[in-house]
Amino acid sequence: MARATLYLGETWHVPEEPPLTGTGAGFVRGFRRGGLAVDASGKILAHAERDALRTQFPDATVVDLEGKLILPGFVDAHVHFPQLDLIGSYGEELLGWLERYTYPAEAAFADAGIAALAGDRFVTELLANGTTFAAAYASVHQVSAEALFAACEKRGVRAVVGKVSMDREAPGELTQDVAADFAANAALIKTWHGRDGRLFSALTPRFAVSCTREMLKRLGELAQFEPSVFVQSHHAENKAEIAAVARLFPEAAHYLDVYGRAGLLGARTVLAHTIHPTEAEVLMLATTQTVVAHCPTSNLFLGSGLFPMRRLAAAGVRMALGTDVGGGTSFSMWRTMASAYEVQRLQDVSVSPARLFYLATRGGAAAFGMGATFGAFEVGMEADFQVLDPARSRLVSARFSRETNAEARLFALLFLADDRLVESVFVRGRQVLAGPQVGA
Ligand code: GUN
Ligand code: ZN
């Protein structure tokens, strides 16, 4: 048997979904002086105390990370590739922001060279923040999705990627007719979907406003024909958007019904936002097992509203967390978790930090049907992890010197951690980032 590698440090993971509120005591599991044993194919052989690992694997290569934290890599369930340089664009709510900033920025991604350079920078931002799996929207152009897939493959990150589909209510250069959009999606699926078990395609009707019935129906047919392909879109983010959907689809019972009628809902569909759902929509999300990607920094930045997490959780709606860069203001899943906590505080709910961490790791993976593959440190899972050095932040190291409880440390990190702490990142046991990525 090829030699195992031991990564020895302080480990935590949240392998089971904690209750919505409470400190999460008992759910943040790991070892203060622990580690992972990883085989040559990148699978986890053991997650245990450091001394026990050394005894069990006497011939293993040892990577001593004493004093460092070893955590699962993060899952960003919703992010826009062409928007990486849009963060912090002043002034408007969703529809105005799309028109003024987003669409002009996305138009540049028709150029394969620009998309390739941006692809590499985008993947650097993901990895520098400890994110090892992202579900990303490219621009409408096939070349932009190709560029992002290629960058992810080259750098070893996991991703779901889709070119957005738009055939109205957007500048002409960003719309495509149904046949051209179908051909581009078919080509992307053929080349990339399932590649290396790490890269997957998503049909990505941007939102109901920018797609005709015909386009949605064709994408729904493609989703039925290729049932392993993901579907991603936006839903009920903003009141003016919801009013526009009601105007454009008078036959639909509600916004979600537009997607339902097209056959676009189900366990492999991830919808961003769902801030203003009706009761009927909540029920339909739950019964179709559709996932909602909560993107709190974006919801606050654009002033879209406060996500009804308690209501959706009570109804059994599946959830994940996303940054939604560039409506979202950070690539950091720590910032995203902190923002999710604050959004719930404004509604008198104190969300468990362990629940948020679960959503940012294994829960996020489970939202894409990959919860048995990565996101936690169970034997047989693939070793996706990030190594954090608490000493790189004065406040984190001071806090950790007096706080030893894992749940309390985790909660402090939600508000104190950032990309400075990330020392290295591994996907499937292979190092994909050596940090910190200062100035990269
Ligand atoms: N709805 C449709 N497109 C977008 C987008 O790019 N960002 C956000 N936040 N919402 C959208
Ligand atoms: Zn979005």
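Note that ligands are numbered from 1 as they come in the structure, with each ligand's atoms numbered from 1 the same way.
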Nearest to [atom], what protein heavy atom do you find, and at what distance?
| atom | value |
| --- | --- |
| atom 10 (N) of ligand 1 | E237 OE1, 2.7 Å |
| atom 9 (N) of ligand 1 | D324 OD2, 2.7 Å |
| atom 6 (O) of ligand 1 | R206 NH2, 2.7 Å |

Checklist entry - atom 4 (C) of ligand 1: which of M166, E241, H78, H234 has the nearest heavy atom? => result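 Shortest heavy-atom distance from atom 4 (C) of ligand 1: H234.
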Item to check | Residue H273 vicinity, atoms of ligand 1 by number, heavy atom under 4.0 Å | outcome: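 With H273 as reference, the close atoms of ligand 1 come out as 9 (N).
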Checklist entry - Can you list the ligand 1 atoms lying under 4.0 Å from a non-hydrogen atom of H80? => result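 With H80 as reference, the close atoms of ligand 1 come out as 5 (C), 6 (O), 7 (N).
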Checklist entry - Counting only heavy atoms, which portion of W97 has something under 4.0 Å from ligand 1: side chain, backbone, both, or neither? => result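 For W97, only side-chain atoms sit under 4.0 Å from ligand 1.
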Checklist entry - Can R268 be said to sit on top of F368's aromatic six-ring, NZ or CZ under 6.0 Å from centre and within 45° of the ring axis? => result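 R268 over F368 ring: no.
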Checklist entry - Is the Lys NZ or Arg CZ of R158 less than 6.0 Å from the centre of F374's six-membered ring, within 45° of the axis? => result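 Relative to the ring axis of F374, which defines the angle, R158 lies inside both limits.
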Checklist entry - Salt-bridged, E403 to R409, with N to O below 4.0 Å? => result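 No, E403 and R409 are not salt-bridged.
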Next on the checklist: Tell me whether E378 is salt-bridged to R362, with the criterion being a basic N under 4.0 Å from an acidic carboxylate O.
Outcome noted: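 Counted as a salt bridge, because a side-chain N and a carboxylate O are separated by less than 4.0 Å.
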Checklist entry - Applying the side-chain contact (heavy atoms from CB on, under 4.5 Å) test to L203, which of I189, T269, V164 qualifies? => result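 Passing option: I189.
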Next on the checklist: With respect to E106, determine whether any N or O atom, backbone or side chain, lies less than 3.5 Å from an N or O atom of ligand 1.
Outcome noted: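 No; every N/O pair is 3.5 Å or more apart.
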Checklist entry - Is there an N/O/S atom in H80 that lies less than 2.8 Å from the Zn ion (ligand 2)? => result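 Short answer: yes, at least one N, O or S atom is under the cut-off.
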Item to check | Angle subtended at the Zn ion (ligand 2) by H78 NE2 and D324 OD1, rounded to 10 degrees | outcome: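 Nearest ten degrees: 90°.
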Checklist entry - Do Y137 and H78 have side chains that get closer than 4.5 Å, going by heavy atoms? => result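 When only atoms from C-beta onward are counted, H78 and Y137 do touch, with a gap below 4.5 Å.
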Checklist entry - Just wondering, more than 12 heavy atoms not from Q347 lying within 6.0 Å of its CD? => result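 Yes.
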